[in-house]
Number of protein chains: 2
Amino acid sequence: MAAMWQCQEVTSASTAGAVRQGSLRELNLAVVLRRIAAADRPPSRAGIAADTGLTRATVSAVVDDLIAGRLVAEAEPEPRTGAGRPARGLVLASDGPAGLGLEVNVDYLAACVVDLTGTVRHHLVRRADLRPVSPADALARLAALAAEARAAAVRDGLTLAGAALAVPGLVGDGGLVRLAPNLGWRDVDVPALLAGHSLAEPVDGVPPLVVDNEANLAALGELYARPAGPRSFLHITGEIGIGAGIVLDGSLYRGARGWSGEIGHFPVQPQGRPCRCGGQGCLERYAGQEAILAAAGLPGAELPADTAATRLADLADAGDPATLAALADAGAALGVAVAGVVNLLDLDTVVLGGGYAPLAPWLRPPVVAEISRRVLTAAWAPVEVRPAVLGAQSAAVGGAGSVVRRIVDRPVGWLARSA
Amino acid sequence: MAAMWQCQEVTSASTAGAVRQGSLRELNLAVVLRRIAAADRPPSRAGIAADTGLTRATVSAVVDDLIAGRLVAEAEPEPRTGAGRPARGLVLASDGPAGLGLEVNVDYLAACVVDLTGTVRHHLVRRADLRPVSPADALARLAALAAEARAAAVRDGLTLAGAALAVPGLVGDGGLVRLAPNLGWRDVDVPALLAGHSLAEPVDGVPPLVVDNEANLAALGELYARPAGPRSFLHITGEIGIGAGIVLDGSLYRGARGWSGEIGHFPVQPQGRPCRCGGQGCLERYAGQEAILAAAGLPGAELPADTAATRLADLADAGDPATLAALADAGAALGVAVAGVVNLLDLDTVVLGGGYAPLAPWLRPPVVAEISRRVLTAAWAPVEVRPAVLGAQSAAVGGAGSVVRRIVDRPVGWLARSA
DNA sequence: CCATTTAATTCAACCGCTGAACAAATCGCG
DNA sequence: CGCGATTTGTTCAGCGGTTGAATTAAATGG
């Protein structure tokens, strides 16, 4: 919430959860659509009715609305299953609304388009060192890339329903980037700088952009990418800083002010190396990219952030002893922090994302070791540690996914627009 | 969820959130009742209508149902405010349903009765060392105490709507206490042992008891005790072990399996003292009651758990240097852990409860110091650290509160029963 | 004492779910 | 090939519960 500026306006009946007459339909549209989205096989109207407890008549009426709004389509005849009139499978429309995901990072810009089904339809990446570039220029380049992506989406018959921008930093209310240390940004008012670009122009009164932290959106990407996956997990992105996205019960936990996930300053060695945060022995100083590179004896600091990880992976693959030792140490430090978090939150899954994804083969064993040492319940309830399925650049995909996900969760907003 | 056995049966319309015709009333009953509960002044029907967006007609109908069900009462004439017909204030009934909160701990049994308004109507405590007592005997004594409390409630015209039992340990599905180290309990099947006692007899088919972790219920007690307080906070109970209840967005976070809050093994000194959990340098070894007592030079281990805290407070009050040093060290260790949690979850409040409550004057400064050193966002968003308002034994009160809270959140369950 | 104001209730209208009946489409069995 | 069985999807009268306006209730102020 704190990380959003101008959320889709909250319309009727949302006042304090009161249920008015029309909310009935509003809620049931969401229930039915969610079920279609979550099913692994295209469900029938009758099946949805049986599962939800609604009447077949009601489900039919609701589905008619969803089809008219281009959110749902009927699948072609299903494989026969038995006697009786064959069911017509329902699937999410792949030519309806889509989400635009954007990312500004230290050494690349990215834009991607994800449709309702969660498929990545387009993915554009521009590599460039953005540290010397002013925020205004960086955002102008991003707007150009976004326009390109939007054109590609339109060619596919898709309608962009909104956009989400991932930045590697703390985001406050109103899309204000308070601090993005690795970009050198401080108090950058993204909406203001984008004013005038097509990105920022409301379509049908719906504000087009939300700004959020990169780690948060990457965690969401991971959540959407595995609909049958765990409902609660910790997603750690190891870049220059270390960020974590916390997904609890299937939704992102943002914290009291939207600044959750600061795991980089978890104390792994309270009397240890001083950290720029003022504390001592922070995780970042032991498992951050700079620390790993230094320990591996690489000149490091000059490398682009995302090539550093692959570089380390190559060296480790080749059996370089210094690199292997550096990764083992980093993994152990990471494991201490992860174990603390798992103890506290009772999570059953930890995802290594961002720069950690390619390094997972070497980081995972020490992390698992620390967990089994330190997590009380690990003995009778194992904790899974695995690399992110989306790998790096999952933040843009996650951002785009969060846009379409909002439509699935509250289809009335889209239906009112397109009616 | 994992910590509950036999939750109130989930009736109509709860299937996957589908909203059926009758759910409309069900939901609006909850909306109106919650608003009455949350208001700081008795609201009028018209005011509720304006706030929620419902019609005055609807609110009147809903309120009629709530009054008929003894959940709401009309307050006496309000102080005049202006022209027009005076409003009739609505308040939660103080003679309707009530919750029974129970607690088994190392050196006492407790039972308390809380009415809908959150007022503690009765509170019985029996001091006794329960470590040498078998679980069956302990629960039999508890059942006797509960019967006493129930009789007192009935004399007040209250109807007990359920009970919650707090135990200092891990609770699994079905009310099974997996492990309560300080009680010496392991795999104790509470419902089975209580079978036959009046506590376990369903009333009108509603199962009467839920079993939960002490730290969780204490955190809920804190939440209910301050309706206008923070929506997210960490509640730490320092007993022999150290437990934490995590309240996020106004509801308790239990974790993937119901075992969240294990902060006692947070690594404050990863290469430090070995801990019985197998790890090293766990918080418990530095800020646990035994550790503090040992550092203060007290024979300690023999003291009952809750007198140990007051004993330490007395010594600190008297200026005993060893005690003051011990508390400073414990506070620093606690601060390291708390800072890590606050960084991760972006909480704005930390509550020192249980045995830490009386020690707060001495623990708070070092905790605050570590937070301001280590929490990045502390500079522009302060973190409040304060003692629990309920002090010790808040678990029983919190448990009783959770019973009545369930009624406020879903009044239909109660109305169906009492109709 | 009456106009004004705000609170609460009453009541016909209406929205959207309900349940049953019906039509559609396929399989299985003679 | 035909007919019953079976399951899906639609139609429609019925109904619960909200809606909005009109009405009554109860106070203040000039």
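Convention: sequence-line order gives letters A, B, ...; per-chain numbering from 1. Because the structure is predicted, anything quoted here is derived from the model rather than measured.
- Comparing atom distances between the A/S44 side chain and each of D/dT11, C/dA8, D/dG9 picks out D/dG9 as nearest.
- A/E74 places its CD atom 12 Å from the P atom of C/dA25, with the value rounded to the nearest Å.
- A close approach under 4.0 Å does not occur between any side-chain nitrogen or oxygen of B/N28 and OP1 or OP2 of D/dG17.
- When the nucleotides D/dA27, C/dA8, D/dT18 are ranked by their closest atom to the side chain of B/T58, D/dT18 comes out on top.
- Counted by atom type alone, B/T159 and B/R70 present one or more donor-acceptor pairs between their side chains at under 3.5 Å.
- Under a 4.0 Å N-O distance rule, the pair A/R20/A/E26 does not qualify as a salt bridge.
- The CG atom of A/L90 sits 7 Å away from the P atom of D/dG9 (whole-angstrom rounding).
- Using a 4.0 Å heavy-atom criterion, one finds that B/R56 contacts the bases of the nucleic acid, with or without backbone contacts as well.
- Atoms CZ (A/R20) and C1' (C/dC17) sit 18 Å apart, rounded to a whole Å.
- Rounded to a whole Å, the CD atom of A/E26 is 11 Å from the P atom of C/dG16.
- D/dG16 atom C1' lies 10 Å from atom CG of A/L24, rounded to whole Å.
- Nearest nucleotide to the A/A46 side chain, out of D/dA26, D/dG9, C/dT26: D/dG9.
- Mapping A/A83 and A/L54 onto DNA chain C via the closest heavy atom, the residue that lands nearer the 5' end is A/L54.
- Under 4.0 angstrom from either OP1 or OP2 of D/dT10 there lies at least one side-chain N or O belonging to A/R45.
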- Audit row: A/E74, A/R45, salt bridge (Lys or Arg N to Asp or Glu O under 4.0 Å) steps and yes/no: CA-CA 10 Å; A/E74 288 193 328; A/R45 294 166 172 80; 2.8 Å; yes
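- Nucleic acid contact class of B/S60 (heavy atoms, under 4.0 Å, all strands): base.
- At a cut-off of 3.5 angstrom, the base of D/dT7 holds no donor-acceptor pair with the side chain of A/R85.
- Across the protein-nucleic acid pair, B/Q21 atom CD and D/dG17 atom P stand 7 Å apart, rounded to whole Å.
- Backbone-only engagement by B/R25 is indicated by non-hydrogen atom pairs under 4.0 Å involving sugar-phosphate atoms exclusively.
- Distance A/D64 CG to C/dC17 P: 12 Å, rounded to the nearest Å.
- Residue contacts shown for A/T55 include a base, since a base heavy atom lies under 4.0 Å away.
- In this structure, the nucleotide among C/dA8, C/dC11, D/dG9 sitting nearest to the side chain of B/A87 is C/dA8.
- Using a cutoff of 4.0 Å between basic side-chain nitrogens and carboxylate oxygens, A/R121 and A/D115 are scored as salt-bridged.
- Applying the side chain to side chain contact (heavy atoms under 4.5 Å, CB included) rule to B/A225 yields the partners B/V389, B/L390; only residues at least two apart in sequence or on another chain are considered.
- Distance, A/I48 CD1 to D/dT7 C1': 16 Å, rounded to whole Å.
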